[in-house]
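Structure record follows, encoded as C-alpha cells.
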Protein chains: 2
Amino acid sequence: MECSAANINIREFRRDASRSQVACSRCSLGELCLPRGLDPDEVQRFEKIVNRSRPLRAGEHLFRAGDEFRSVASVRTGCFKSYVVDAEGQEQVLGFHLPGEIIGLDAIHSCRHTASVVALDTSAVCTLSFESVTQMARSMPELQAELFRIMSARISELETIAGDLSADERIAMFLLSLSDRFSRRGYSEHEFILAMSRRDIASFLRLATETVSRVLARLQKSGLLKVDRKQVRIRDLDALREVARQQAA
Amino acid sequence: MECSAANINIREFRRDASRSQVACSRCSLGELCLPRGLDPDEVQRFEKIVNRSRPLRAGEHLFRAGDEFRSVASVRTGCFKSYVVDAEGQEQVLGFHLPGEIIGLDAIHSCRHTASVVALDTSAVCTLSFESVTQMARSMPELQAELFRIMSARISELETIAGDLSADERIAMFLLSLSDRFSRRGYSEHEFILAMSRRDIASFLRLATETVSRVLARLQKSGLLKVDRKQVRIRDLDALREVARQQAA
DNA sequence: CGGCAAATTGACTCCACTCAAAGGAGGTGG
DNA sequence: CCACCTCCTTTGAGTGGAGTCAATTTGCCG
C-alpha cells in the first residue's frame, strides 16, 4: 500500500494556502484551466475562491476514497493518478491528471470521494470548494458551461476506454492521449516522460504489466517509438494513430 | 444498419409536441427525473421548457451521431440504446436508457451528438433545449446540482464498466444494474424483460453474443437465474451479487 | 407454411494472462 | 565507496478464457 503517513487532507491545505499568491489571470495554464472563457472581471472574482496548496511530494495523497466531498482540485504542476482498490485488494487506476485538469468531479453524486488521488511527482494543486464553484457558476454562464464540458468530456473519454480494444490499440491510444495533452500544454508531442510506472499504465489500461512491456518493445522494434525507461519518443505519430485506429471524435 | 427512413429529428418533435400535456408535477416518474428536488413553484417554471414528443416505435432514432447538439431528452416510457459505429463499421453499444434517465449529456463538450440513440421498444421522451435548461439552472440551484449529479453518476458507472471483469462478472453486473433500476421504478427486482437483443447486451459488455448465451445458460444451470428469451427471473439475488463481487459504491 | 433473423451449442483458435526467472536502477547503511 | 537490498522492468514458456467459425434450433411475421 501507499505511505499513509504522507496523507494530507484538504483542511490542512486551506491553512497552508497563501491566498495572496493566487492569480489565475497570470497563471501560465491560462486557457487550459477552469476559468477558461471568463472575462477579466470574472476571473478576478473567481480568484477569490481559489486556494493554492503547498507542493506535494510523490506518494502524497490529495484525496482518499471515502473522504467527504467538499472540494475539487485543479492540477497546477506535476502529475497525479486516481485509483480505487477493488474487492480483492487490487489497485485499479482510473486516470492520470496533468496540469489544468480538474480532479474530483466524479465524487459529486455520492458526496464522497470514490477514488483516491496520489501525486506521482512533486506536484501542486489549486483547490476550490465545490459549493463556492457551483454558486459562482450561477452568475457566470461560461463557468457553468465549462464544468459541464469537463464532465461531458470525461464521459466521452471513458466511453472510449471502455471499448473493446487490443493491447496494442490501448497502448497506442494511451500514448497519443499523452502526446496530445502535453502538446496542448506547450511541450513536445513527440517526446515526453512517463511519470507513472509500467504497473500503473497496465492497471489503467486493464492489461498486465508484462503486456505493457511487450507491446512497448514491439512498437519500438517496428520503429514507431523509442522507449528508454520513462522517456518516450514517438518517431511516427501517424503510424501510431493507425495502430490506435481511433474513431473520429 | 438501422432503418434510416425511421429517422426523426428534434425539430419535428417540437412541432408535434403538445405542450399542454406536459405536467412534471403529475408525472408518474416523479423523483426519478430531472426536476427532482425542485419545489412546486420551480417545477411549474420547469414545465414551460419541456416538450413532450409523440411516441417512437422500436427502431426509430432519437439522435444520430453527428447531429448538432441542441437538446437533451428524458425517457418517459420504453427503452433506448445509445451506440457509436467504430472504424470497422461495428456497432458499439454505450448504454441503455430507462424512464427518467437523461440522454445526450455526453454531447456537450463537442457540441455534436457523438452517439446515436434508438428506441428498442415503443417509447416516448420529453425533450429540453439544453440552452434553456442551463439558463434555468442558474436560478435553480437544485436543478444545477441534479445535472452535475447525473453526469457524475455516469462517470462513476463508466469507471466501473471499464474495469477488468470476467464475462460472468459483466453479465451479473448488468443484470443487477437492471434489477436495481427496475425496482426504483416500481417494478419487480426479481423479474423483468430484456428489451435489448443478446447482440446488444454483448456489444455493451464487450463480449461476443455467443458468450452472453453461454453465461446466461451457465447461470441458469447453477440455479441463480431463470431465462426464457427476453424474460429474466433472478432466483438468488445475493448469489448474483457474489458473482458480480461488486465493489462498495 | 416458408423465409429470415435471433439465439444456442459445439469445436477449435488465439491473445493476453500467469508463472517464473533474470536483469537493471536506485536507495540505504556499513 | 561499495555491498546489499528491493522494487521495477523485461523476457521466456505455458495456460486458459473468451473469441471465431460453423451448424443447428427457435421464434417471429408475412
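Values reported hereafter were calculated over all heavy atoms of this structure, with side chains retained and with hydrogens, waters and symmetry mates removed. Chain A is the first sequence line, chain B the second, and so forth, proteins listed ahead of strands; every chain is numbered from 1.
A/Tyr187 has its ring centre no less than 6.0 Å from the ring centre of A/Phe192. Two rings, from A/Phe96 and A/Phe204, have their centers less than 6.0 Å apart.
Judged by distance alone, the side chains of B/Ser116 and B/His61 never bring a donor and an acceptor atom under 3.5 Å apart. If you check the side chains of B/Arg181 and B/Ser177, you find a donor sitting under 3.5 Å from an acceptor.
One can place CG of A/Leu219 at 15 Å from C1' of D/dT10, the figure rounded to the nearest angstrom. Atom-to-atom, NZ of A/Lys230 to P of C/dG26 comes out at 10 Å; the value is rounded to the nearest Å. In this structure, CG of B/Leu225 is placed 16 Å from C1' of C/dT8, rounded to the nearest angstrom. Distance, B/Leu216 CG to C/dA6 C1': 14 Å, rounded to whole Å. Nucleotide C/dT8 holds its P atom 13 Å from the NZ atom of B/Lys221, rounded to whole Å. One interatomic measurement links the two molecules: CZ of B/Arg198 to C1' of C/dT8, which rounds to 9 Å at whole-angstrom precision.
Scanning all heavy atoms of the two residues, the minimum distance from A/Ala107 to A/Arg112 falls at CB-O, 3.2 Å.
From one end of the helix from C/dC1-D/dG30 to C/dG30-D/dC1 to the other, with five pairs defining each end axis, the axis direction shifts by 40° (rounded to 10°).
Atom CZ of B/Arg206 is surrounded by more than 12 heavy atoms from other residues, nucleotides or ligands within 6.0 Å.
In terms of the salt bridge (Lys or Arg N to Asp or Glu O under 4.0 Å) criterion, residue partners of A/Arg184 (sequence neighbours excluded) are, by chain and number, A/Asp180.
A salt bridge links A/Glu159 with B/Arg154: at least one charged nitrogen is closer than 4.0 Å to a carboxylate oxygen.
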Once base and sugar-phosphate atoms are separated, protein heavy atoms under 4.0 Å mark nucleotides 16-29 of chain D, 5' to 3', with B, S and - as --SSBBB----S--
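B/Arg199 has no side-chain polar atom (N or O) that falls below the 4.0 Å cut-off from OP1 or OP2 of C/dA7.
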